[in-house]
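What you see is a predicted model; the values in this text were computed from it and never measured. By convention in this document, chain letters (A, B, ...) are assigned in the order of the sequence lines, proteins followed by strands, and residues within each chain are numbered from 1.
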Amino acid sequence: MPQYEPQKTESEIYRLWEKSGFFNPDKLPKRHKKPFTIIMPPPNANGPLHLGHAIFVTLQDIMIRYKRMKGYKALWLPGADHAGFETQVVFEKKLEKEGRSRFQIPREQLYQEIMAFTLVNKKVMENQLKRLGASCDWSREKFTLDEDIIKIVYQTFEKLKKDGLLYKGKRVVNWCVKHQTSLSDVELKYEERKSPLYYVKYDVPELHLFITVATTRPETIPADVAIAVNPADNRYKNFIGKYAVNPLNNERILIISDKAVDKDFGTGALKITPDHDKADEEIFNRHPEIKKESKPVINFFGKMEGANMPVELLGLKIFEARQKAMEILRNNNRFNAEFAPEGIDENYINNAALCYKCGSQIEPLNLANQWFVKMTEKPKTGKFSLRDLAIKAVKSGKIKFIPKRFDKIFFHWMANIKDWNISRQIAWGIKIPDKDTTDVFDTWFSSGQWPFAALMSVKKDDFQKFYPTDVMETGSDIISFWVARMIMLGLYATGKAPFKTVYLHGLVRDTNKQKMSKSKGNVISPIEMSEKYGTDAVRMSLIVGNTPGSDPVVSEDKIRGYRNFANKIWNAARFVMMNLPENLQDMDAFAKKAEKSNVLKAEDKKVLKELAAMAKKTTKDMENFKFYSASECLYHYFWHIFADKIIESSKPRLIGKDTKDKLAAQYVLLEILKKTLILLHPFMPFITENIWQTMPQKNKNLLMIERWPGQR
RNA sequence: GCGCUCUUAGCUCAGUGGUAGAGCGUUCGAUUCACAUUCGAAAGGUCGUAGGUUCAAUCCCUACAGGGCGCACCA
C-alpha cells in the first residue's frame, strides 16, 4: 500500500511547473541573473520519441534544472525539425503501404501532405517531451520551417553568395537511384564488396601497341574521354600525348599524365570518365588538353542512355550493362590476361558507397545546378575560411568537447573536408532561392544555423541576451553532420561561436550491445517505460553509469531498479514527516528553533558534516558534467547512508522520552531530507517536487527554484 | 590505409602511481517496525597478453591480440 505511484501525479506536477511560468527565464525571480542557455537539438518531427531522445532530454533537463536552482536565468529553447530527407523517407514508406508513390504526386501536394504528417508528429513529440519532464520554455518553441527561420537561412545563403563562398555548377554528386536525390558525403555508408577488376586493352594505332586499363566498371567505357598515367611511370612515357581507341565506340581518346594516378594499382593506367566518377572529374577539370566533351551514359534511373554506345547496352540497368559490356569486350578479344586469369581479377574487393537510408549503391552522376559551399576558401570580406574559423575556435578553447577526445575526431574531419553540396532533389524542405531549380536545401544547411536562427526569431533581444549559448548537448554520431556545421555557420554568420561546450552522449544499446532499431525489434519506448515505472526511474536509468561519449546499455531491469529507488525515497520521506512534531506548519521555523536550542550531539554534527561533504562532491560533479557520478553518489547516499544507517539509528531516539534528543533527531532527518530532495531534483524532478509539495512550508514554494546547497 | 577509443567481479560500468569499487545478478539468512519495489550477511577479480620505466604499475611507455568508432579510398 505505501508505494509511490508516479502515474497518478506526474502530469499534475508538470502542470504545476508550467503554471509557475518558471520555464521562461524572463519570469524567474530576481535572484536569477546570469543567463544560461541550451538550445534543444530539435527532434525530427516524424515519429515518436525513442530512448536516444530520452537521453538528451534527461541530460539537458538536468543541466537546466541545476543551473536554474543555482540562480541562473536558465533558458532551454525547444524546437522541432522538419528533417528533410529523413522525414521524406519515413513518409515514402507510409505512401508505399498505401500503394502510392511520391513520383506520382504533384510536388506542391506532396509538400502539403508531408507538412500535415509532420505537424501531427510534432504535437505527439511535444507531449512526449513534457511526459519526460522537460523543463523547456514552450513560449519560445521554434520549428525549422517557421517563416522567420527560413528568412534567416536565406540571409545566410545571400551572405555566402556575396562572399564568394557559394558556387553553382555541373558536378558529380552521390546519386541515390531509389530516392532520386543526391546525398552529401556524410550521408553515405561503405561496405566491402567483391567487384571484379577488368583488364581492358585499348589500341594505340600510332605506336602499333595497346595500353591496358584496369576498371571495375566496363559499362562506363563509352563515356571515357581520356586515359591517364602517372608522369613518373616509365612504362608509359611514350604513350603520353598519343591517342587510344575506345574499345566500345571506337572514338579517339587522349592519353595524358597526372600524378593522381597510382603507378602500383592495376596496370598504372586509368580510364577517365568524368560523368561517372568524382576523381575522374577532378582530373578531367585540370587537363584542358582533353578537347573531348564528356557525355554521360547512365541516366538518373540507373539505366544506360546516350549516344556512342553499342546498341546492345541501351536501356539496360547498370549491372546488366556490365555483363553485356564484358561479353562484347571478350568477343572482341579486349581482355588482357597478362595481369589476371582471362583478364579478370574476380577476387578484387573494394568499398562500395551506399545510401545510408536504403543501402542501394550510389551512382556518381553529373548533375547541373548544384549548389556548393566552399569550405576551405576565404570569404571576400573575411580572413578565414569556414574550416579555419571552426578549427580556430576549438584550438583556442572557445569551444570545448566533452569528452575531450572528440576534438581529435573533429580536427580529423576538418582536415579532410570538401566542398559541401547543399542541393537536394526532394520536395520536403526549404526551397533554394534560385529560379533555375526546384531543389531544396540539405536539411543540415538550415539546422546548422539553428542556435542563432532560433534565438534571433523568437524575441527581439533574445539573441543579445542568450547568444552565444552555453552547452550543445547531442549524440556523438552527428558531430560531423551537425555540430561541425553549426560551429562553422555560427561563427561565419554571427562572428561568435554558437556554444561554449559540446557534450556528446553515445548511442543507446540493448543488453546485447545492439543498437536499438525498429527493424531489429529491440526498441524500448521511453514513454511506455514512464507509464510502467515512472519518468524519474527512466531518467535515472539513462544517467547512472552513462559516461559522456560512450554507449549506454539500457534494460528494463535497470529501470525497475530505479523505480525501487523512487519508492525508497517516497517511504523515507514519509517516515521523516510522520515523525515530525504534530501539526507542524513551518519546517523552516522548526529548523531555526532546533538550531538555536543547541541540542545536537556530536554524532548529529558528524552526520550533517558528511551531508555537506556529499553535497559539495555532487556540486563538483555537476560542474564537471559528471552526471553519471553525481547520480550514483546520491543514490548511494540516500539509500545506504540516509535510509539504512541514519534513519535506522534515529528510531529509538524518536520514540524515546528525552524531548531534546528527539528534537535533535527530527531536525537531522528533516535537514537531510530537504538537502537530498534538492540535490536529487535535477535527476528525479517529479518525485522530489511531489514530496516537497507535501512538506510543512509556510509559503508553498516550488522545489524547482529552491536554492542549490552553497548558493545564496 | 590514416586516426581515435575500449578490454577491471556472471552482466553493465566507475576508478586511482602505493592493501581493487558501485549497481544489477547469485547464494544464505531475517520478517507484523516508513518501504518485500524491504533488511542483514556472503561468495566472486593474477584489472586483455608480453615487455619496459619506477622503490612501487590496473593506472605511464612500447609491442601484440580482440572489440567499437571516425575519416579516406585505387580506377
Is the phosphate of B:rC74 approached by A:K263 (side-chain N or O, under 4.0 Å from OP1 or OP2)? no

Rounded distance (Å) that lies between atom C1' of B:rG15 and atom CD of A:E632: 10 Å

Looking at A:F411, is A:K395 sitting on its ring face, NZ or CZ under 6.0 Å from the six-membered ring centre and within 45 degrees of the normal? yes

Looking for any heavy atom pair under 4.0 Å, which part of the strands does A:G266 touch: base, sugar-phosphate only, or nothing? nothing

Begin with the C-alpha distance, continue with both residues' side-chain angles, and end with the deciding distance and a verdict on ring pair (Phe, Tyr, Trp, His ring centres under 6.0 Å) for A:Y562 and A:Y635. CA-CA 9 Å; A:Y562 291 104; A:Y635 174 97; 5.4 Å; yes

Aromatic rings A:Y503 and A:F625: how do their planes relate, parallel, tilted or perpendicular, breaks at 30° and 60°? tilted

Please evaluate the base of B:rA34 for a donor-acceptor partner in the side chain of A:Q3 within a cut-off of under 3.5 Å? no

Whole Å only: how far is the CG atom of A:N624 from the P atom of B:rG15? 12 Å

For A:T511, report the nucleic acid contact type (base, sugar-phosphate, nothing); a contact means any heavy atom under 4.0 Å. nothing

Could you measure between the two C1' atoms, the one in B:rC61 and the one in B:rA20, and give it in whole Å? 23 Å

Considering only heavy atoms from C-beta outward, does the side chain of A:I672 approach that of A:Y637 to under 4.5 Å? yes

Over all strands shown, is A:N350 touching base, sugar-phosphate only, or nothing at heavy-atom distances under 4.0 angstrom? sugar-phosphate

If you look at every strand shown and take non-hydrogen atoms under 4.0 Å, does A:I409 touch a base, only sugar-phosphate, or nothing? sugar-phosphate

Using Watson-Crick and G-U wobble pairs with both distances under 3.5 Å, what is the 5'-to-3' dot-bracket string of RNA chain B, with [ ] for crossing pairs and | for pairs outside the strand? (((((((..((((....[..)))).(((((.......))))).....(((((..]....))))))))))))....

Return yes if the base of B:rA72 and the side-chain atoms of A:K418 contain a donor-acceptor N/O pair under 3.5 Å, otherwise no. no

Just to be sure I understand the rule, does A:D644 reach a base, reach only the sugar-phosphate, or reach nothing, if contact means heavy atoms closer than 4.0 Å? sugar-phosphate

Answer with base, sugar-phosphate or nothing: what part of the nucleic acid does A:N416 contact at a heavy-atom distance below 4.0 Å? sugar-phosphate

Considering only atom P, compute the distance from B:rU32 to B:rG23 and round it to an integer number of Å. 26 Å

Say you pick atom P in B:rA42 and the same atom in B:rG21; how far apart are they, in whole Å? 14 Å

Tell me whether the side-chain N/O atoms of A:T547 come closer than 4.0 Å to OP1 or OP2 in B:rA14. yes

Check step by step if salt bridge (Lys or Arg N to Asp or Glu O under 4.0 Å) holds for A:E338 and A:K201. CA-CA 11 Å; A:E338 194 185 320; A:K201 295 188 285 191; over 6 Å; no

Let me know the distance between CG of A:L188 and P of B:rC73, rounded to the nearest Å. 10 Å

Is the distance from OP1 or OP2 of B:rC71 to the nearest side-chain N or O of A:S480 less than 4.0 Å? yes

On a whole-Å scale, what distance lies between the P atoms belonging to B:rC39 and B:rC47? 33 Å

Any idea which of B:rC69, B:rU37, B:rA22 is nearest the A:H636 side chain? B:rA22

Under-4.0 Å side-chain N/O to phosphate OP1/OP2 contact, A:Y635 with B:rA14: no

A:I417 atom CD1 is separated from B:rC73 atom P, nearest whole Å, by 13 Å

Integer angstrom distance from the P of B:rA43 to that of B:rU5: 38 Å

Would you say A:W639 places a side-chain N or O within less than 4.0 Å of OP1 or OP2 belonging to B:rU38? no

Residue closer to the 5' end of RNA chain B, A:T215 versus A:R560 (nearest nucleotide): A:R560

Between A:K568 and B:rC39, is there a side-chain N or O to OP1/OP2 distance below 4.0 Å? yes

What's the gap between B:rU58 and B:rG15 when it is taken at their C1' atoms, as a whole Å value? 10 Å

Any side-chain N or O of A:H412 less than 4.0 Å from the OP1 or OP2 oxygen of B:rC69? no

For residues A:I256 and A:E289, determine if any side-chain heavy atom of one lies less than 4.5 Å from a side-chain heavy atom of the other. yes

Using whole Å, what does the distance between atom P of nucleotide B:rC69 and atom CG of A:D477 come to? 11 Å

Using a strict threshold of under 4.0 Å (side-chain N to carboxylate O), is an ion pair present between A:K620 and A:E623? no

Taken to the nearest whole Å, CD/A:E648 to P/B:rC33 is 13 Å

Inter-residue atom distance A:M684.CE - A:R539.CZ, 0.5 Å rounding: 9.5 Å

Hey, does A:A269 reach any base, or is it just sugar-phosphate, or nothing, if we go heavy atoms under 4.0 Å? nothing

A:I409 versus A:F401: any side-chain heavy-atom pair under 4.5 Å? no

Please check the phosphate of B:rG15 (OP1 and OP2 only) for any side-chain N or O of A:Y628 closer than 4.0 Å. yes

Pick base, sugar-phosphate or nothing for A:L197, based on heavy-atom distances below 4.0 Å to the nucleic acid. nothing

Nearest-Å distance for atom pair CG/P, residues A:D551 and B:rG67: 17 Å

Check: A:R405 side chain, B:rU5 base, donor-acceptor under 3.5 Å: no

Could you state the NZ-C1' distance from A:K651 to B:rA34, rounded to the nearest angstrom? 7 Å

Listed nucleotide nearest any side-chain atom of A:N351, set B:rC73, B:rC69, B:rU37: B:rC73

Could you give the distance separating B:rG17 and B:rU7 at their P atoms, to the nearest angstrom? 16 Å

Could you tell me how the ring of A:W639 sits relative to the ring of A:F565: parallel (under 30°), tilted (30 to 60°) or perpendicular (over 60°)? parallel

Looking only at atom P, what distance separates B:rA50 and B:rU12, rounded to whole Å? 23 Å

Side-chain contact check for A:F575: nearest option of B:rA72, B:rC74, B:rA34 is B:rA34

Both A:N546 and A:H640 contact RNA chain B. Taking the nearest nucleotide for each, which residue is further toward the 5' end? A:N546

From CZ (A:F284) to CG (A:D258), nearest 0.5 Å: 13.0 Å

Taking 4.0 Å as the cut-off, does a side-chain nitrogen or oxygen of A:K626 come that near to OP1 or OP2 on B:rC13? no

